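Heads up, the thing below is written out as structure tokens.
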2 protein chains.
Amino acid sequence: MRIRLQRDIDRLKKQVVSLATLVEERFRLAIRAVECRDADLARKVIIGDAEIDQKEVDIEEECLKILALHQPVADHLRYIISVLKLNNDLERIGDLAVNIAQKAEVVASKLELPIPFDYVTMSQRAGEMLEESLNSLVNLDLHLAYRVCAQDDEVDFMKSAMQLQFAEEIRKAKEEHIEPLIHLFLISRHLERIADHATNIAEDVIYMITGEIHRHKGFEYHHSEE
Amino acid sequence: MRIRLQRDIDRLKKQVVSLATLVEERFRLAIRAVECRDADLARKVIIGDAEIDQKEVDIEEECLKILALHQPVADHLRYIISVLKLNNDLERIGDLAVNIAQKAEVVASKLELPIPFDYVTMSQRAGEMLEESLNSLVNLDLHLAYRVCAQDDEVDFMKSAMQLQFAEEIRKAKEEHIEPLIHLFLISRHLERIADHATNIAEDVIYMITGEIHRHKGFEYHHSEE
């Protein structure tokens with residue numbers, strides 16, 4: 001029975017890594033679609049979302065099957081519960097990549113409008129947090145998971161800075177640039193939410209390893225924007 | 001053992017109802033803080049968030065304790081898993097109420113600026129969805145849960161309409177109104193996300209009752225904004 005449980009958990013691990021890899025790839029494509037004003041690439045991300053949704057449902061069903069069949073305890077139980085939660089975060093990151101791609105499609109035709117925010121830095125920071133949270137998951141690296149949690153404030157700060165810049169830009173914007181500017185502003189908010197979900201994943205990894213619920217530990221967790 | 005399990009589940013139910021009631025109350029206060037330009041009320045919602053966070057952690061710990069202690073199967077297992085998930089949605093709705101309250105604080109001093117969107121209708125619709133999703137949870141009402149899921153598109157549509165109105169308003173806005181207008185626009189996005197979380201709760205109730213995963217069932221689930 002224990003051998004079967006381990007075999008099922010090993011299979012589940014592979015499914016999680018496969019979803020995580022796919023979600024990270026879609027995030028990178030969405031970011032590139034904005035940077036390169038590439039509407040075709042954006043479309044690819046949008047169309048590909050159904051694949052992520054299916055993988056999420058498969059992982060959830062696998063977790064429920066393992067719980068019902070093996071009634072795991074201790075470490076194994078904690079592992080399954082953590083996967084159930086971070087599975088949801090991975091799917092949401094996939095949705096946010098789609099949201100970014102939808103806006104990339106709109107701004108793709110506005111080649112003359114530069115991105116008025118420090119979009120590259122923000123997308124890099126969010127991308128690093130995502131990558132590190134996934135690495136902490138794959139390698140069960142507690143140190144790395146804590147590092148991701150500590151970075152969340154930085155991206156929150158960037159988001160607030162972009163809100164001010166947006167207000168500034170919109171004041172002097174040409175009539176026809178107002179809508180694409182709103183889309184670019186919303187992209188910065190999606191990026192911040194991706195960083196939030198990466199933080200959630202890192203928190204789940206911390207729980208997975210230590211059994212400690214790490215949410216709401218700092219003041220910033222209570223009051224920062226979702 | 002079975003009697004103890006039932007007793008623990010009954011206690012868990014009470015905890016969930018208590019959190020749900022609190023979250024709904026905070027949502028109503030945040031909405032009222034915007035409508036009445038009441039900065040004191042907004043502050044109350046912001047300060048009260050720690051209480052919601054604590055209740056969420058307590059419920060999660062209770063779920064994990066029940067899983068480890070009783071190793072429930074079938075209906076009971078499904079109940080615990082559903083609670084683990086919707087617990088998270090409840091806490092996020094609490095966060096979004098805080099986000100709305102933070103913006104209510106900013107716009108409270110701008111009495112001369114009318115809310116340029118149909119904010120009342122949108123907050124009513126989101127509030128109804130939240131109320132109905134919580135009723136479907138408390139009464140295990142499958143019919144009501146399906147109805148909540150069917151309403152999600154309507155709020156999505158309102159959000160898109162508000163984005164167009166925002167672009168329109170910002171074009172003709174006075175310099176000093178640009179920032180409060182951005183805050184009001186972001187409130188409409190928070191409302192739409194509250195409706196999303198209400199839909200998630202209804203989906204969890206459907207799973208709780210039927211064992212069927214109801215997510216990603218319609219095209220709108222794949223491609224709508226988070």
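Source: prediction; values computed, not measured. Lettering follows sequence order; numbering is per chain, from 1.
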| said: Does any backbone or side-chain atom of His183(B) lie under 4.5 Å from a heavy atom of chain A? Answer side chain, backbone, both or neither. | reply: side chain

| said: Which atoms of Ile182(A) are under 4.5 Å from chain B, going by heavy atoms: the side chain, the backbone, both sets, or neither? | reply: side chain

| Between Glu60(A), Lys85(A), Glu179(A), which shows the greatest number of heavy-atom pairs under 4.5 Å with chain B? | Glu60(A)

| task | Take Glu192(B) and Arg189(B) through the test salt bridge (charged side-chain N to carboxylate O under 4.0 Å, His left out) and record every step on the way to the result. | result | CA-CA 5 Å; Glu192(B) 189 269 340; Arg189(B) 305 199 56 99; over 6 Å; no

| remark: The interface call for Leu164(A) against chain B, heavy-atom contacts under 4.5 Å, is side chain

| field | Residue selection (most heavy-atom pairs with chain B, distance under 4.5 Å) from Asn88(A), Leu64(A), Leu181(A) | value | Leu64(A)

| request: Indicate yes or no: does Glu51(A) engage Lys55(A) in a salt bridge with an N to O separation below 4.0 Å. | output: no

| query | Are Glu25(A) and Arg28(A) within salt-bridge range, i.e. N to O under 4.0 Å? | reply | no

| query | Any Lys/Arg nitrogen of Glu168(A) or Lys172(A) sitting under 4.0 Å from an Asp/Glu carboxylate oxygen of the other? | reply | no

| field | chain B contact via Asn200(A) - which portion, at a heavy-atom distance below 4.5 Å | value | side chain

| request: Could you label the plane-to-plane angle of the Phe166(B) and Phe166(A) rings as parallel, tilted or perpendicular, counting under 30° as parallel and over 60° as perpendicular? | output: tilted

| query | With a 4.5 angstrom heavy-atom cut-off, which part of Leu77(B) approaches chain A: side chain, backbone, both or neither? | reply | side chain

| Polar contact flag, side-chain donor to acceptor under 3.5 angstrom, His76(B)-Gln6(B) | yes

